[in-house]
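Quick notes on the structure that follows.
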Amino acid sequence: MKPGFEEREIFTALMAEYAMAIDDNRLEDWVELFDEACDYRVVTRENAEQNLPNVLIWCDNKNMLRDRVESYREVNLYNLHYDRHVLGPLRFLTKEGSTRTFEASYSLFQTELEGASRLFSVGKYRVEALVANGAARLKSVTVIADTGLIPSLLATPI
Amino acid sequence: MKPGFEEREIFTALMAEYAMAIDDNRLEDWVELFDEACDYRVVTRENAEQNLPNVLIWCDNKNMLRDRVESYREVNLYNLHYDRHVLGPLRFLTKEGSTRTFEASYSLFQTELEGASRLFSVGKYRVEALVANGAARLKSVTVIADTGLIPSLLATPI
Amino acid sequence: MKPGFEEREIFTALMAEYAMAIDDNRLEDWVELFDEACDYRVVTRENAEQNLPNVLIWCDNKNMLRDRVESYREVNLYNLHYDRHVLGPLRFLTKEGSTRTFEASYSLFQTELEGASRLFSVGKYRVEALVANGAARLKSVTVIADTGLIPSLLATPI
(Lines give C-alpha, C1' and ligand atoms only; values in the text may rest on other atoms or scores of the structure.)
Protein backbone atom coordinates (compact mmCIF):
# COMPACT_ATOMS: atom_id res chain seq x y z
CA MET A 1 0.00 0.00 0.00
CA LYS A 2 1.41 3.35 -0.98
CA PRO A 3 1.73 5.46 2.14
CA GLY A 4 1.15 8.69 0.22
CA PHE A 5 -2.47 9.24 1.05
CA GLU A 6 -2.00 8.51 4.74
CA GLU A 7 0.71 11.16 5.02
CA ARG A 8 -1.38 13.58 2.99
CA GLU A 9 -4.27 13.09 5.39
CA ILE A 10 -2.13 13.56 8.51
CA PHE A 11 -0.30 16.67 7.38
CA THR A 12 -3.27 18.20 5.56
CA ALA A 13 -5.22 17.88 8.82
CA LEU A 14 -2.30 19.53 10.63
CA MET A 15 -2.22 22.50 8.26
CA ALA A 16 -6.02 22.81 8.29
CA GLU A 17 -5.80 23.07 12.08
CA TYR A 18 -2.89 25.53 11.81
CA ALA A 19 -4.87 27.88 9.59
CA MET A 20 -8.19 27.56 11.40
CA ALA A 21 -6.59 28.10 14.81
CA ILE A 22 -5.26 31.48 13.66
CA ASP A 23 -8.48 32.41 11.88
CA ASP A 24 -10.59 31.48 14.91
CA ASN A 25 -8.29 33.59 17.09
CA ARG A 26 -7.30 30.45 19.02
CA LEU A 27 -3.64 31.42 19.01
CA GLU A 28 -2.88 29.31 22.07
CA ASP A 29 -4.08 26.25 20.14
CA TRP A 30 -1.87 27.33 17.26
CA VAL A 31 1.19 27.34 19.56
CA GLU A 32 0.35 23.83 20.75
CA LEU A 33 0.80 22.47 17.22
CA PHE A 34 4.54 23.09 17.54
CA ASP A 35 7.18 20.88 19.09
CA GLU A 36 9.09 22.30 22.09
CA ALA A 37 12.18 22.50 19.89
CA CYS A 38 10.79 24.44 16.97
CA ASP A 39 11.41 27.31 14.63
CA TYR A 40 8.86 29.76 13.24
CA ARG A 41 9.87 32.57 10.94
CA VAL A 42 8.35 34.91 8.40
CA VAL A 43 10.55 36.09 5.54
CA THR A 44 9.89 37.81 2.27
CA ARG A 45 10.47 35.88 -0.91
CA GLU A 46 12.86 38.54 -2.15
CA ASN A 47 15.06 38.09 0.91
CA ALA A 48 14.79 34.31 0.76
CA GLU A 49 15.87 34.21 -2.89
CA GLN A 50 18.80 36.54 -2.30
CA ASN A 51 19.79 34.73 0.90
CA LEU A 52 19.46 37.95 2.85
CA PRO A 53 19.35 37.54 6.62
CA ASN A 54 16.29 39.78 7.18
CA VAL A 55 13.37 38.14 8.88
CA LEU A 56 10.08 39.78 9.80
CA ILE A 57 9.42 37.40 12.69
CA TRP A 58 11.67 34.76 14.20
CA CYS A 59 10.87 32.52 17.14
CA ASP A 60 13.36 29.70 17.61
CA ASN A 61 11.62 27.79 20.38
CA LYS A 62 8.13 27.23 21.66
CA ASN A 63 8.45 29.56 24.64
CA MET A 64 9.04 32.45 22.27
CA LEU A 65 5.81 31.55 20.51
CA ARG A 66 4.01 31.46 23.86
CA ASP A 67 5.43 34.87 24.79
CA ARG A 68 4.41 36.31 21.49
CA VAL A 69 0.82 35.18 21.85
CA GLU A 70 0.70 36.34 25.47
CA SER A 71 1.92 39.82 24.51
CA TYR A 72 -0.63 39.93 21.75
CA ARG A 73 -3.39 39.12 24.22
CA GLU A 74 -2.29 41.90 26.56
CA VAL A 75 -2.08 44.55 23.86
CA ASN A 76 -5.14 43.61 21.83
CA LEU A 77 -8.13 43.40 24.10
CA TYR A 78 -10.38 43.30 21.11
CA ASN A 79 -9.96 41.61 17.81
CA LEU A 80 -9.36 44.38 15.31
CA HIS A 81 -9.67 42.26 12.20
CA TYR A 82 -10.53 38.76 11.13
CA ASP A 83 -7.96 36.59 9.40
CA ARG A 84 -8.89 34.02 6.80
CA HIS A 85 -6.37 31.58 5.33
CA VAL A 86 -7.14 29.54 2.25
CA LEU A 87 -4.41 26.95 1.69
CA GLY A 88 -3.64 24.98 -1.44
CA PRO A 89 -2.73 21.30 -1.56
CA LEU A 90 0.50 20.07 0.07
CA ARG A 91 3.56 19.39 -2.05
CA PHE A 92 5.74 16.79 -0.36
CA LEU A 93 9.51 17.08 -0.56
CA THR A 94 12.07 15.11 1.38
CA LYS A 95 11.70 12.67 4.23
CA GLU A 96 14.65 12.33 6.58
CA GLY A 97 14.11 9.91 9.43
CA SER A 98 10.70 10.75 10.79
CA THR A 99 10.80 14.37 9.58
CA ARG A 100 8.69 15.20 6.57
CA THR A 101 9.28 18.39 4.60
CA PHE A 102 6.46 19.84 2.55
CA GLU A 103 5.22 23.10 1.10
CA ALA A 104 1.79 24.66 0.68
CA SER A 105 0.70 27.91 -0.91
CA TYR A 106 -1.51 30.24 1.06
CA SER A 107 -3.75 33.19 0.46
CA LEU A 108 -4.48 35.30 3.51
CA PHE A 109 -7.40 37.71 3.62
CA GLN A 110 -8.26 40.21 6.31
CA THR A 111 -11.65 41.64 7.12
CA GLU A 112 -11.94 44.93 8.93
CA LEU A 113 -14.63 45.46 11.53
CA GLU A 114 -16.50 47.58 8.98
CA GLY A 115 -16.99 44.38 7.06
CA ALA A 116 -14.90 44.67 3.91
CA SER A 117 -12.48 41.84 3.07
CA ARG A 118 -9.23 42.33 1.24
CA LEU A 119 -6.19 40.36 0.20
CA PHE A 120 -3.50 40.73 2.83
CA SER A 121 -0.70 38.39 1.74
CA VAL A 122 0.08 35.43 -0.48
CA GLY A 123 3.05 33.12 -0.34
CA LYS A 124 3.99 29.66 0.75
CA TYR A 125 4.79 27.66 3.84
CA ARG A 126 7.82 25.46 4.02
CA VAL A 127 7.20 23.03 6.84
CA GLU A 128 9.12 20.34 8.67
CA ALA A 129 6.80 18.10 10.66
CA LEU A 130 6.77 14.70 12.26
CA VAL A 131 4.39 12.26 13.87
CA ALA A 132 5.20 11.43 17.49
CA ASN A 133 2.99 9.43 19.84
CA GLY A 134 0.27 9.43 17.24
CA ALA A 135 0.12 13.21 16.89
CA ALA A 136 1.55 15.37 14.13
CA ARG A 137 3.78 18.19 15.31
CA LEU A 138 5.44 21.15 13.63
CA LYS A 139 9.23 21.26 13.91
CA SER A 140 9.75 24.23 11.65
CA VAL A 141 7.51 26.62 9.73
CA THR A 142 8.99 29.19 7.38
CA VAL A 143 6.46 31.57 5.86
CA ILE A 144 7.85 32.85 2.57
CA ALA A 145 5.64 35.82 1.72
CA ASP A 146 5.48 36.96 -1.90
CA THR A 147 3.95 40.17 -0.60
CA GLY A 148 6.76 42.47 0.51
CA LEU A 149 4.63 45.16 2.08
CA ILE A 150 3.88 43.37 5.32
CA PRO A 151 4.17 45.52 8.45
CA SER A 152 7.10 44.23 10.46
CA LEU A 153 5.12 44.44 13.68
CA LEU A 154 2.71 41.78 12.58
CA ALA A 155 -0.10 41.42 15.02
CA THR A 156 -1.16 37.85 14.31
CA PRO A 157 1.00 35.08 12.83
CA ILE A 158 0.64 34.12 9.18
CA MET B 1 -6.21 1.13 9.02
CA LYS B 2 -6.85 4.69 10.09
CA PRO B 3 -10.12 5.78 8.51
CA GLY B 4 -8.98 9.41 8.28
CA PHE B 5 -8.00 9.48 4.65
CA GLU B 6 -11.15 7.69 3.51
CA GLU B 7 -13.36 10.24 5.23
CA ARG B 8 -11.21 13.07 3.90
CA GLU B 9 -11.68 11.73 0.37
CA ILE B 10 -15.47 11.35 0.70
CA PHE B 11 -16.17 14.74 2.22
CA THR B 12 -13.55 16.60 0.18
CA ALA B 13 -15.24 15.21 -2.93
CA LEU B 14 -18.59 16.39 -1.55
CA MET B 15 -17.37 19.93 -0.95
CA ALA B 16 -15.58 20.04 -4.33
CA GLU B 17 -18.91 19.15 -5.92
CA TYR B 18 -20.72 21.71 -3.75
CA ALA B 19 -18.45 24.52 -4.89
CA MET B 20 -18.25 23.52 -8.52
CA ALA B 21 -22.03 23.08 -8.81
CA ILE B 22 -22.54 26.70 -7.77
CA ASP B 23 -19.67 27.97 -9.92
CA ASP B 24 -20.94 26.06 -12.97
CA ASN B 25 -24.40 27.54 -12.37
CA ARG B 26 -25.76 24.00 -11.81
CA LEU B 27 -27.78 25.11 -8.81
CA GLU B 28 -30.21 22.21 -9.16
CA ASP B 29 -27.26 19.82 -8.71
CA TRP B 30 -26.21 21.83 -5.68
CA VAL B 31 -29.65 21.28 -4.08
CA GLU B 32 -29.38 17.55 -4.70
CA LEU B 33 -26.33 17.34 -2.44
CA PHE B 34 -28.59 18.02 0.54
CA ASP B 35 -30.66 15.56 2.53
CA GLU B 36 -34.47 16.11 2.55
CA ALA B 37 -34.19 17.11 6.22
CA CYS B 38 -31.52 19.78 5.97
CA ASP B 39 -30.58 23.24 7.03
CA TYR B 40 -28.74 25.88 5.01
CA ARG B 41 -28.00 29.31 6.38
CA VAL B 42 -25.69 32.23 5.80
CA VAL B 43 -24.67 34.32 8.79
CA THR B 44 -22.00 36.92 9.39
CA ARG B 45 -19.17 36.08 11.72
CA GLU B 46 -19.96 39.09 13.85
CA ASN B 47 -23.50 37.84 14.43
CA ALA B 48 -22.33 34.28 14.98
CA GLU B 49 -19.80 35.35 17.63
CA GLN B 50 -22.32 37.54 19.46
CA ASN B 51 -25.04 34.89 19.19
CA LEU B 52 -27.30 37.35 17.40
CA PRO B 53 -30.27 35.82 15.65
CA ASN B 54 -29.78 37.62 12.31
CA VAL B 55 -29.35 35.40 9.32
CA LEU B 56 -28.87 36.52 5.72
CA ILE B 57 -30.38 33.36 4.27
CA TRP B 58 -32.12 30.51 6.03
CA CYS B 59 -33.65 27.43 4.42
CA ASP B 60 -34.59 24.74 6.92
CA ASN B 61 -35.58 21.99 4.50
CA LYS B 62 -34.81 20.87 0.99
CA ASN B 63 -38.02 22.23 -0.54
CA MET B 64 -37.02 25.72 0.51
CA LEU B 65 -33.73 25.24 -1.31
CA ARG B 66 -35.63 24.05 -4.38
CA ASP B 67 -37.93 27.08 -4.24
CA ARG B 68 -35.02 29.41 -3.86
CA VAL B 69 -33.27 28.05 -6.93
CA GLU B 70 -36.52 28.06 -8.91
CA SER B 71 -37.15 31.72 -8.07
CA TYR B 72 -33.61 32.54 -9.04
CA ARG B 73 -34.12 30.88 -12.42
CA GLU B 74 -37.29 32.86 -13.07
CA VAL B 75 -35.79 36.20 -12.16
CA ASN B 76 -32.35 35.79 -13.69
CA LEU B 77 -32.72 34.75 -17.29
CA TYR B 78 -29.09 35.47 -17.86
CA ASN B 79 -26.12 34.87 -15.67
CA LEU B 80 -24.98 38.30 -14.54
CA HIS B 81 -21.72 37.20 -12.99
CA TYR B 82 -19.56 34.14 -12.58
CA ASP B 83 -18.87 32.72 -9.13
CA ARG B 84 -15.61 31.02 -8.25
CA HIS B 85 -15.04 29.27 -4.95
CA VAL B 86 -11.60 28.21 -3.81
CA LEU B 87 -11.85 26.05 -0.70
CA GLY B 88 -9.14 25.16 1.76
CA PRO B 89 -8.61 21.73 3.33
CA LEU B 90 -11.26 20.24 5.62
CA ARG B 91 -10.85 20.38 9.39
CA PHE B 92 -12.71 17.50 10.99
CA LEU B 93 -14.47 18.03 14.28
CA THR B 94 -16.89 15.68 16.00
CA LYS B 95 -18.49 12.48 14.84
CA GLU B 96 -21.83 11.58 16.38
CA GLY B 97 -23.36 8.39 15.09
CA SER B 98 -23.03 8.61 11.34
CA THR B 99 -22.93 12.43 11.29
CA ARG B 100 -19.58 14.03 10.69
CA THR B 101 -18.99 17.69 11.49
CA PHE B 102 -16.23 19.55 9.70
CA GLU B 103 -15.21 23.04 8.65
CA ALA B 104 -13.53 24.49 5.59
CA SER B 105 -12.43 28.00 4.75
CA TYR B 106 -13.54 29.51 1.48
CA SER B 107 -12.64 32.40 -0.75
CA LEU B 108 -15.35 33.45 -3.19
CA PHE B 109 -14.58 35.57 -6.22
CA GLN B 110 -17.01 37.09 -8.68
CA THR B 111 -16.34 38.04 -12.26
CA GLU B 112 -18.51 40.61 -13.98
CA LEU B 113 -19.47 40.21 -17.60
CA GLU B 114 -16.93 42.90 -18.44
CA GLY B 115 -14.31 40.40 -17.40
CA ALA B 116 -12.79 41.74 -14.19
CA SER B 117 -12.60 39.42 -11.18
CA ARG B 118 -12.79 40.60 -7.61
CA LEU B 119 -12.93 39.17 -4.12
CA PHE B 120 -16.56 38.87 -3.05
CA SER B 121 -16.47 37.11 0.31
CA VAL B 122 -14.29 35.00 2.58
CA GLY B 123 -15.33 32.90 5.53
CA LYS B 124 -15.87 29.32 6.51
CA TYR B 125 -18.39 26.53 6.16
CA ARG B 126 -19.50 24.52 9.15
CA VAL B 127 -20.95 21.32 7.78
CA GLU B 128 -22.78 18.28 9.10
CA ALA B 129 -22.76 15.45 6.60
CA LEU B 130 -23.25 11.73 6.48
CA VAL B 131 -22.85 8.82 4.13
CA ALA B 132 -26.09 6.96 3.34
CA ASN B 133 -26.49 4.24 0.71
CA GLY B 134 -22.95 4.89 -0.47
CA ALA B 135 -23.49 8.60 -1.14
CA ALA B 136 -22.42 11.55 0.95
CA ARG B 137 -25.19 13.99 1.82
CA LEU B 138 -25.30 17.39 3.47
CA LYS B 139 -27.43 17.60 6.62
CA SER B 140 -26.52 21.14 7.55
CA VAL B 141 -24.38 23.89 6.03
CA THR B 142 -23.77 27.12 7.90
CA VAL B 143 -21.84 29.72 5.96
CA ILE B 144 -20.08 32.00 8.43
CA ALA B 145 -18.99 34.97 6.34
CA ASP B 146 -16.15 37.15 7.62
CA THR B 147 -17.24 39.73 5.09
CA GLY B 148 -20.11 41.71 6.57
CA LEU B 149 -21.01 43.71 3.49
CA ILE B 150 -22.91 40.98 1.71
CA PRO B 151 -26.17 42.12 0.13
CA SER B 152 -28.98 40.43 2.02
CA LEU B 153 -30.79 39.55 -1.20
CA LEU B 154 -28.04 37.24 -2.30
CA ALA B 155 -28.64 36.01 -5.81
CA THR B 156 -26.65 32.77 -5.72
CA PRO B 157 -25.80 30.69 -2.64
CA ILE B 158 -22.35 30.86 -1.10
CA MET C 1 -10.91 -0.77 -0.58
CA LYS C 2 -12.30 2.24 -2.36
CA PRO C 3 -9.66 3.53 -4.72
CA GLY C 4 -10.87 7.14 -4.33
CA PHE C 5 -8.33 8.36 -1.84
CA GLU C 6 -5.39 6.84 -3.71
CA GLU C 7 -6.38 8.65 -6.90
CA ARG C 8 -6.99 11.85 -4.97
CA GLU C 9 -3.50 11.62 -3.50
CA ILE C 10 -1.82 10.97 -6.86
CA PHE C 11 -3.55 13.70 -8.81
CA THR C 12 -3.60 16.21 -5.97
CA ALA C 13 0.18 15.76 -5.73
CA LEU C 14 0.39 16.28 -9.50
CA MET C 15 -1.56 19.54 -9.38
CA ALA C 16 0.35 20.75 -6.31
CA GLU C 17 3.56 20.22 -8.31
CA TYR C 18 2.00 21.91 -11.36
CA ALA C 19 1.17 25.04 -9.41
CA MET C 20 4.35 25.19 -7.37
CA ALA C 21 6.56 24.68 -10.44
CA ILE C 22 5.06 27.79 -12.05
CA ASP C 23 5.15 29.79 -8.82
CA ASP C 24 8.78 28.82 -8.17
CA ASN C 25 9.63 29.88 -11.73
CA ARG C 26 10.66 26.28 -12.49
CA LEU C 27 8.89 26.31 -15.83
CA GLU C 28 11.09 23.54 -17.22
CA ASP C 29 9.85 21.29 -14.42
CA TRP C 30 6.30 22.33 -15.28
CA VAL C 31 6.79 21.17 -18.88
CA GLU C 32 8.06 17.80 -17.66
CA LEU C 33 4.72 17.07 -16.01
CA PHE C 34 3.18 16.71 -19.47
CA ASP C 35 3.12 13.66 -21.71
CA GLU C 36 4.85 13.99 -25.11
CA ALA C 37 1.43 13.85 -26.74
CA CYS C 38 -0.34 16.58 -24.84
CA ASP C 39 -2.52 19.61 -25.14
CA TYR C 40 -2.37 22.83 -23.13
CA ARG C 41 -4.69 25.70 -23.75
CA VAL C 42 -6.04 28.77 -22.04
CA VAL C 43 -9.55 29.92 -22.92
CA THR C 44 -11.99 32.33 -21.39
CA ARG C 45 -15.13 30.97 -19.83
CA GLU C 46 -17.26 33.16 -22.05
CA ASN C 47 -15.70 31.63 -25.15
CA ALA C 48 -15.89 28.12 -23.71
CA GLU C 49 -19.60 28.46 -22.93
CA GLN C 50 -20.42 29.89 -26.37
CA ASN C 51 -18.22 27.32 -28.13
CA LEU C 52 -16.18 30.08 -29.71
CA PRO C 53 -12.89 29.01 -31.20
CA ASN C 54 -10.79 31.74 -29.58
CA VAL C 55 -7.94 30.56 -27.43
CA LEU C 56 -5.44 32.73 -25.58
CA ILE C 57 -2.72 30.07 -25.63
CA TRP C 58 -2.65 26.73 -27.42
CA CYS C 59 0.19 24.22 -27.42
CA ASP C 60 -0.80 20.86 -28.87
CA ASN C 61 2.37 18.93 -28.09
CA LYS C 62 5.19 18.99 -25.59
CA ASN C 63 7.74 20.57 -27.95
CA MET C 64 5.52 23.62 -28.23
CA LEU C 65 5.54 23.89 -24.45
CA ARG C 66 9.33 23.59 -24.45
CA ASP C 67 9.61 26.32 -27.10
CA ARG C 68 7.30 28.57 -25.18
CA VAL C 69 9.34 28.29 -22.00
CA GLU C 70 12.60 28.74 -23.91
CA SER C 71 11.32 31.94 -25.54
CA TYR C 72 10.19 33.18 -22.19
CA ARG C 73 13.66 32.61 -20.76
CA GLU C 74 15.28 34.55 -23.60
CA VAL C 75 12.98 37.52 -23.33
CA ASN C 76 12.67 37.75 -19.57
CA LEU C 77 16.11 37.81 -18.06
CA TYR C 78 14.63 38.82 -14.76
CA ASN C 79 11.47 37.75 -13.08
CA LEU C 80 9.17 40.73 -13.27
CA HIS C 81 6.52 39.39 -10.96
CA TYR C 82 5.84 36.47 -8.68
CA ASP C 83 2.95 34.12 -9.39
CA ARG C 84 1.02 32.39 -6.63
CA HIS C 85 -1.61 29.75 -7.32
CA VAL C 86 -4.01 28.57 -4.66
CA LEU C 87 -5.97 25.56 -5.89
CA GLY C 88 -9.15 24.10 -4.51
CA PRO C 89 -9.90 20.39 -4.10
CA LEU C 90 -10.14 18.14 -7.16
CA ARG C 91 -13.53 17.16 -8.55
CA PHE C 92 -13.25 13.84 -10.36
CA LEU C 93 -15.27 13.25 -13.49
CA THR C 94 -14.94 10.38 -15.92
CA LYS C 95 -12.41 7.60 -16.18
CA GLU C 96 -11.84 6.12 -19.61
CA GLY C 97 -9.23 3.40 -19.75
CA SER C 98 -6.30 4.78 -17.78
CA THR C 99 -7.25 8.42 -18.40
CA ARG C 100 -8.79 10.28 -15.52
CA THR C 101 -10.61 13.55 -16.06
CA PHE C 102 -10.93 16.01 -13.21
CA GLU C 103 -11.41 19.68 -12.50
CA ALA C 104 -10.01 22.08 -9.92
CA SER C 105 -10.70 25.73 -9.26
CA TYR C 106 -7.78 28.10 -9.01
CA SER C 107 -7.05 31.58 -7.76
CA LEU C 108 -3.93 33.18 -9.19
CA PHE C 109 -2.28 36.15 -7.53
CA GLN C 110 0.61 38.22 -8.81
CA THR C 111 3.04 40.24 -6.78
CA GLU C 112 4.92 43.11 -8.36
CA LEU C 113 8.53 43.76 -7.46
CA GLU C 114 7.34 46.71 -5.38
CA GLY C 115 5.77 44.15 -3.12
CA ALA C 116 2.00 44.52 -3.52
CA SER C 117 -0.04 41.41 -4.29
CA ARG C 118 -3.21 41.44 -6.32
CA LEU C 119 -5.72 39.04 -7.77
CA PHE C 120 -4.76 38.23 -11.34
CA SER C 121 -7.19 35.54 -12.48
CA VAL C 122 -9.65 32.96 -11.21
CA GLY C 123 -11.11 30.02 -13.07
CA LYS C 124 -10.79 26.28 -13.29
CA TYR C 125 -8.60 23.61 -14.78
CA ARG C 126 -10.06 20.75 -16.73
CA VAL C 127 -7.43 18.04 -16.76
CA GLU C 128 -6.91 14.67 -18.39
CA ALA C 129 -4.15 12.72 -16.68
CA LEU C 130 -2.91 9.18 -16.35
CA VAL C 131 -0.45 7.13 -14.38
CA ALA C 132 2.26 5.46 -16.47
CA ASN C 133 5.28 3.64 -15.07
CA GLY C 134 4.38 4.78 -11.61
CA ALA C 135 4.33 8.48 -12.48
CA ALA C 136 1.33 10.73 -13.06
CA ARG C 137 1.40 12.65 -16.31
CA LEU C 138 -0.74 15.38 -17.83
CA LYS C 139 -2.38 14.53 -21.15
CA SER C 140 -4.45 17.66 -21.46
CA VAL C 141 -4.89 20.83 -19.43
CA THR C 142 -7.53 23.38 -20.36
CA VAL C 143 -7.48 26.53 -18.30
CA ILE C 144 -10.96 28.05 -18.33
CA ALA C 145 -10.47 31.56 -16.99
CA ASP C 146 -13.46 33.39 -15.55
CA THR C 147 -11.44 36.56 -15.84
CA GLY C 148 -11.75 37.86 -19.38
CA LEU C 149 -9.21 40.65 -19.13
CA ILE C 150 -6.10 38.49 -19.45
CA PRO C 151 -3.45 39.88 -21.78
CA SER C 152 -3.23 37.56 -24.76
CA LEU C 153 0.56 37.61 -24.65
CA LEU C 154 0.66 35.87 -21.34
CA ALA C 155 4.18 35.74 -20.01
CA THR C 156 3.92 32.73 -17.71
CA PRO C 157 1.44 29.87 -17.98
CA ILE C 158 -1.62 29.72 -15.74
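Numbers restart at 1 for each chain; the letters A, B, ... are given by sequence-line order, proteins then strands. Reckoned from all heavy atoms, side chains included, excluding hydrogens, waters and symmetry mates.
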Which portion of C:Thr111 sits near chain A, non-hydrogen atoms under 4.5 angstrom | side chain
Is it the side chain or the backbone of C:Leu119 that comes within 4.5 Å of chain A heavy atoms, both, or neither?
-> backbone
Among A:Ala104, A:Ser107, A:Ser121, residue most engaged with chain C (heavy-atom pairs, under 4.5 Å) |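 Winner by heavy-atom pair count: A:Ser107.
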Compare every heavy atom of A:Val86 with every heavy atom of C:Val86, then report the nearest pair and how far apart it is.
-> CG1-O, 3.6 Å
Given that the side chain runs from C-beta out, which part of A:Ala145 has a heavy atom under 4.5 Å from chain C: side chain, backbone, both or neither?
-> neither
Anything under 30° is parallel, anything over 60° is perpendicular, the rest tilted; go ahead and classify A:Tyr125 against A:Tyr106.
-> tilted
Top residue by heavy-atom pair count (under 4.5 Å) with chain A, among C:Arg118, C:Arg26, C:Met15?
->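 Looking at each of C:Arg118, C:Arg26, C:Met15 in turn, C:Arg26 comes out on top.
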Pick from C:Arg84, C:His85, C:Glu17, C:Met20: which one has the most heavy-atom pairs with chain A under 4.5 Å?
->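 It is C:Arg84.
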Test salt bridge (charged side-chain N to carboxylate O under 4.0 Å, His left out) applied to A:Asp67 - qualifying residues, sequence neighbours left out |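 Applying salt bridge (charged side-chain N to carboxylate O under 4.0 Å, His left out) to A:Asp67 gives none.
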Whether A:Lys62 side chain and A:Phe34 backbone form a donor-acceptor pair below 3.5 Å = yes
Would you say the side-chain atoms of A:Asp39 pair up with the backbone N or O of A:Ser140, donor to acceptor, closer than 3.5 Å?
-> no
